[in-house]
Amino acid sequence: MEVTDSNLQSLAGYLEQTLSPDASVRKAAEKFLESVEGSQNYPVLLLTLLDKDGVPVHLRVSSAVTFKNYTKRCWRVTEDEGDKIHRNDRTTIKQRIVGLMLKSPDQIQKQLSDAISIIGREDFPDKWPDLLQEMVTKFQTGDFHVINGILITAHSLFKRYRHEFKSQQLWAEIKFVLDNFAQPFTELFNATMELAKTHAEDPVALKVIFSSIVLICKIFYSLNFQDLPEYFEDNMGIWMNHFLTLLSADNKILRTQDEEEAGLLEQVKSQICDNVALYAQKYDEEFSPQLPSFVTAIWNLLTSTGQQVKYDMLVSNAIQFLASVAERPSYKSLFEDPSTLASICEKVIVPNMQFRDADEELFEDNPDEYIRRDIEGSGMFMYNDIDDNTCIQEYGKNPSSWKSKDVAYYLVTSLAAKGQTQKHGITTASSLVNTADFFTTQVVPDLQAADVNANPILKADAIKFLMVFRSQLPKEALVASLPCLMKLLKATSLVVHSYAAHTIERLLMVRTPDGKTAAISLADIQPLSTDLISGLIEGLNHPGSAENEYIMKALMRSMSALQEHILTVIQQVMGVLTQKLIIVSKNPSKPQFNHYLFESLCIGIRTTCKHQPQAIFTFEEALFKPFTDILQADVQEFIPYVFQILSLLIDYHTSGTVPDTYMALFPHLLAPALWERPGNIPPLVRLIQAYIEKGAKQIPVENVNGLLGVFQKLIASKANDHEGFYLLNSIVQHMPKEVVSQYIKNIFILLFQRLSSSKTTKYIKSLLLFFCLFAIQYGPDALIQNVDGIQANMFGMVIEKLFLQDLQKVSGSLERKICAVGVTNVLTESSLMFQTYNAMWAQFLQGLISLIELPEDTNVPDDEHFIEIEDTPGYQTAYSQLAFAGKKEHDPVAEVTDVKINLARQLHKLSAAHPGKVPALISAGLQAEAQTFVQQYLTAAGVTV
């Protein structure tokens with residue numbers, strides 16, 4: 001693709017089509033662009049188009065967005081896929097992108113800045129050492145449009161330092177940045193502060209300058225997060241003096257009339273509170289001379305800041321700063337004066353606990369956002385160093401006001417909570433508050449109120465209190481609360497019925513103190529089953545709750561808890577779920593709701609088919625049409641879910657074969673395009689395993705090549721090689737030997753090619769498991785012959801370099817059992833092992849005894865730690881595994897109940913076939929401790945050698 005006017009015009013046409021309201025036109029254009037993105041000059045064409053005069057703005061922005069997404073997909077070079085971008089294009093992009101970003105309008109600048117950050121994550125600094133210098137030189141331009149572009153890019157580039165794991169590579173990068181960036185960055189801050197004074201009366205200039213200051217403060221936080229840099233320690237006075245100046249700044253030009261959106265001044269002060277809190281927590285020795293000034297400044301800031309929503313983040317960060325300081329013993333003296341505590345309570349905490357008009361509006365007008373902030377994001381402040389009684393007295397003055405009671409809920413929750421997790425709620429409660437008494441006297445009346453629509457905010461408070469303190473309340477209180485919560489599902493307030501559903505789900509997850517069983521038993525909820533399920537289904541009919549994720553999750557959890565007691569309502573439930581599936585598949589927009597919807601379908605199938613096997617046909621009749629529509633419309637978000645449920649349906653067929661309707665789909669599952677999407681791979685493998693295990697003999701011979709082609713693709717990938725082994729193990733275990741035998745030599749060649757080109761611990765563990773399974777299924781001599789068929793005497797190297805070094809690393813009880821039985825078979829049933837590799841026999845037995853007696857070896861080479869995390873079986877960035885569609889574990893050596901007894905009996909047989917040889921090998925080659933173990937096995941089995 002040359003950079004020509006005709007190609008630019010053609011590209012603009014396709015970009016225009018990607019914006020079309022017609023889905024078919026849009027998808028066709030997207031597919032075309034995807035098909036040509038591997039061509040040389042494609043990204044250069046995008047950059048040229050977004051910079052071309054005369055091109056409509058919406059197409060230039062579209063080009064910028066497309067370019068950013070292209071870099072996100074393609075810039076990283078992986079072993080599996082190679083380099084998708086031509087080397088010359090990479091060079092051209094890095095030469096042009098900074099300059100383009102700086103001269104572009106804001107909409108385009110933001111996209112290109114993000115693209116620079118994406119490229120920087122891969123190439124900076126080693127492959128892009130000039131980037132920082134190119135950015136720093138722009139500080140001298142004095143053009144704040146340019147400077148802000150650079151600062152936006154720097155912030156995007158450096159903010160990952162806040163969450164990166166410490167490593168030598170990270171230290172080296174940060175040092176490079178500090179050496180080249182810290183001084184000009186500080187000089188820019190000084191110059192910007194001077195400009196703020198000079199332009200104090202110029203609204204336009206001042207807003208641009210403070211936009212830069214916000215970014216400067218954010219970058220400061222990123223550069224100081226990992227450790228205190230020497231440069232910033234030496235220049236702490238400059239930075240902290242400016243921060244103090246900014247905390248007290250109050251220019252009326254920067255004040256905003258908007259009561260909800262934080263202005264530049266609030267953003268600056270909020271970030272400074274974050275910055276000094278970081279220093280107070282991590283670098284208190286170096287920061288201690290500066291700290292009292294900031295305590296005073298931030299205290300004054302809090303007492304003079306209003307209660308409007310726009311100040312929320314500022315107040316939150318300021319209080320967090322004071323709390324972090326108060327927690328440290330060396331600073332407690334600043335807060336010991338009772339008058340100081342009373343003042344903090346009266347002037348800071350009390351005003352910021354009150355339910356404001358803006359909160360009430362949010363509750364009523366934007367309940368989804370209210371729930372997000374309250375349940376998912378806000379958390380709560382802990383004031384353990386504050387005089388609790390002063391606060392309680394302050395809020396006990398007017399108990400008849402619902403706002404006062406709302407404050408009481410907040411206050412009691414904050415004071416009572418000492419330890420909290422998302423999974424269990426409050427795990428440790430303070431002795432200062434009698435939680436059970438407060439629940440009985442204050443919470444229960446709100447839960448039991450006859451009118452479910454009266455005082456919705458107090459009802460939401462009461463439900464949330466029950467949800468948060470569920471692990472602290474007695475079981476009887478939880479069970480007694482369920483009918484109240486079911487009644488509250490009928491409340492018209494979206495917040496109230498969502499909280500009720502959420503709390504039902506959380507209560508069903510509470511465990512007994514020993515953690516072994518559910519606190520609320522099946523017997524407790526069975527009498528409520530019909531009303532509970534019906535109430536949740538009806539809850540989905542409330543305005544705004546058609547796709548309510550809390551209700552759907554509660555339905556999923558209730559179905560799971562009720563087990564076979566859902567059978568009386570399953571027809572109603574599946575009808576609702578199927579209709580929901582048809583609706584949401586047309587425009588998937590709520591991923592959590594969709595996930596719980598599919599989980600609920602799985603529970604319905606599992607529970608019903610377990611007790612009524614013939615019901616499988618009813619489920620197929622209901623689901624095949626929407627599933628077919630999803631596959632034909634290529635609804636990418638749902639296709640992995642469909643594959644998982646199809647696997648489940650095949651599993652529950654009791655005929656011993658796969659029905660023809662499924663077999664007609666099988667060849668299409670091998671299409672290469674399906675396997676290009678990472679999110680499809682685990683569920684597709686799971687589905688093909690279901691086909692193989694249930695209908696291996698039904699798979700046409702002409703499809704076996706395609707099946708092995710899939711295996712070859714997966715085995716070449718570090719990310720998906722374990723999935724390739726899942727497939728291979730199913731083939732070896734279930735497919736007819738006469739079909740597989742002709743391919744075995746090529747399979748072994750592929751396995752050893754991958755071993756030599758890219759050896760990882762994960763791969764070796766999977767390979768050893770395959771070798772042992774193959775020895776069990778095809779015989780140990782067949783294993784040795786196939787390995788030696790690649791290279792003479794190679795099996796000796798396999799024993800020495802793989803089995804003896806890494807057998808101990810195999811994980812999973814079933815996997816270790818298979819390996820123990822497989823190695824036992826090689827040692828005791830193989831004539832080749834006992835003759836050709838006789839010298840290694842005792843060593844191999846020693847390795848087997850270590851596998852049986854020693855714990856798993858979890859050591860992983862340093863350079864593989866991140867590979868292991870990213871490539872853990874079952875994890876894929878674009879894949880959502882359904883917990884209730886899980887594959888039943890199949891034990892290919894179920895007849896072996898004890899691997900030690902099995903080894904003893906096999907050694908006895910071998911010894912009988914070769915009199916005198918086995919004891920001699922054991923005594924000469926086995927360590928004393930291992931000989932003791934062998935003798936124990938023999939005694940337990942009642943045999944000798």
Side-chain angles (χ1 to χ4, degrees), residues 1-52 55-76 78 80-86 89 93 97 107-108 110-112 114-115 118-119 584-591 594 627-643 668-669 671-681 683-684 876-880:
M1 296 178 74
E2 298 301 319
V3 182
T4 62
D5 287 340
S6 61
N7 279 340
L8 287 169
Q9 191 173 351
S10 174
L11 179 60
Y14 281 109
L15 289 173
E16 185 77 68
Q17 289 173 31
T18 63
L19 306 174
S20 169
D22 185 331
S24 60
V25 173
R26 194 169 62 247
K27 285 208 166 191
E30 288 168 355
K31 282 195 176 296
F32 172 80
L33 292 176
E34 195 177 326
S35 71
V36 298
E37 68 179 17
S39 307
Q40 185 176 354
N41 289 324
Y42 172 73
V44 181
L45 277 166
L46 287 170
L47 288 179
T48 305
L49 186 66
L50 67 84
D51 187 41
K52 191 172 177 61
V55 174
V57 173
H58 71 280
L59 286 181
R60 295 176 65 189
V61 172
S62 176
S63 185
V65 172
T66 304
F67 177 80
K68 180 192 74 174
N69 292 336
Y70 166 80
T71 58
K72 192 183 293 185
R73 281 195 312 276
C74 302
W75 198 272
R76 173 176 288 184
T78 64
D80 300 345
E81 298 178 336
D83 195 344
K84 298 178 183 176
I85 302 177
H86 195 277
D89 287 350
I93 288 167
I97 191 167
Q107 283 178 292
I108 295 173
K110 175 70 173 68
Q111 301 301 326
L112 293 181
D114 288 348
I118 292 163
I119 296 168
V584 299
S585 63
K586 292 174 183 173
N587 183 26
S589 59
K590 296 274 188 82
N594 298 335
F627 281 3
T628 302
D629 292 343
I630 288 167
L631 293 172
Q632 288 178 345
D634 194 23
V635 184
Q636 294 186 25
E637 299 93 331
F638 284 3
I639 287 176
Y641 290 129
V642 169
F643 289 154
H668 302 287
L669 300 178
L674 270 182
W675 296 86
E676 291 301 319
R677 295 178 191 159
N680 284 353
I681 291 173
L684 268 175
Q876 281 282 353
T877 50
Y879 165 54
S880 294

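Heads up: numbering here begins at 1 and tracks the sequence. What you see below is based on every heavy atom in this structure, not just the backbone, and it leaves out hydrogens, waters and symmetry mates.
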Contacts table for residues 37-45: side-chain donor-acceptor under 3.5 angstrom, sequence neighbours left out:
| unit_1 | atom_1 | unit_2 | atom_2 | d |
| --- | --- | --- | --- | --- |
| Glu37 | OE1 | Arg73 | NH2 | 2.4 |
| Ser39 | OG | Val36 | O | 3.1 |
| Gln40 | OE1 | His86 | NE2 | 3.4 |
| Asn41 | ND2 | Met1 | O | 3.0 |

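Residue Lys27 holds its NZ atom at 11.0 Å from CD of Glu34, rounded to the nearest 0.5 Å. Atom-to-atom distance recorded for Phe32:CZ and Thr18:OG1 is 12.5 Å, nearest 0.5 angstrom. With values rounded to the nearest 0.5 angstrom, Glu16 atom CD is found 4.5 Å from Leu59 atom CG. Gln636 CD to Asn680 CG: the interatomic distance, rounded to the nearest 0.5 Å, is 8.0 Å. The distance from atom NZ of Lys586 to atom CD1 of Ile630, rounded to the nearest 0.5 Å, is 11.0 Å. For the atom pair Ile93 CD1 and Thr71 OG1, the distance stands at 8.0 Å (nearest 0.5 Å).
Side-chain atoms of Asp629 and Ser585, non-hydrogen and from C-beta on, never get closer than 4.5 Å to each other. Under the 4.5 Å side-chain criterion, counting only non-hydrogen atoms from C-beta, Leu674 is in contact with Phe643. Between Thr66 and Leu50, every side-chain heavy-atom pair lies at or beyond the 4.5 Å cut-off. Within the 4.5 Å cutoff, side-chain heavy atoms of Leu33 are placed close to those of Leu15. Contact check for His668 versus Leu631: no side-chain heavy atoms found under the 4.5 Å cut-off.
Heavy-atom neighbours of Lys68 NZ from other residues, nucleotides or ligands within 6.0 Å: above the threshold of 12. No more than 12 heavy atoms of other residues, nucleotides or ligands sit less than 6.0 Å from atom CD of Gln9.
When atom types are taken as modelled, the side chain of Asn594 and the backbone of Lys590 share a donor-acceptor pair closer than 3.5 angstrom. In this structure, Trp75 contributes its side chain and Tyr70 its backbone to no donor-acceptor pair below 3.5 Å. Remark: the backbone N or O of Leu46 is paired with a side-chain donor or acceptor of Ser63 at under 3.5 angstrom.
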**Request:** Let me see the working for Val635 and Val642 under side-chain contact (heavy atoms from CB on, under 4.5 Å), right down to the final yes or no.
**Result:** CA-CA 10 Å; Val635 184; Val642 169; over 6 Å; no
**Request:** Using the side-chain contact (heavy atoms from CB on, under 4.5 Å) rule, take Val61 and Val57 through it: C-alpha gap first, then chi angles, then the decisive distance, then the call.
**Result:** CA-CA 6 Å; Val61 172; Val57 173; 4.1 Å; yes
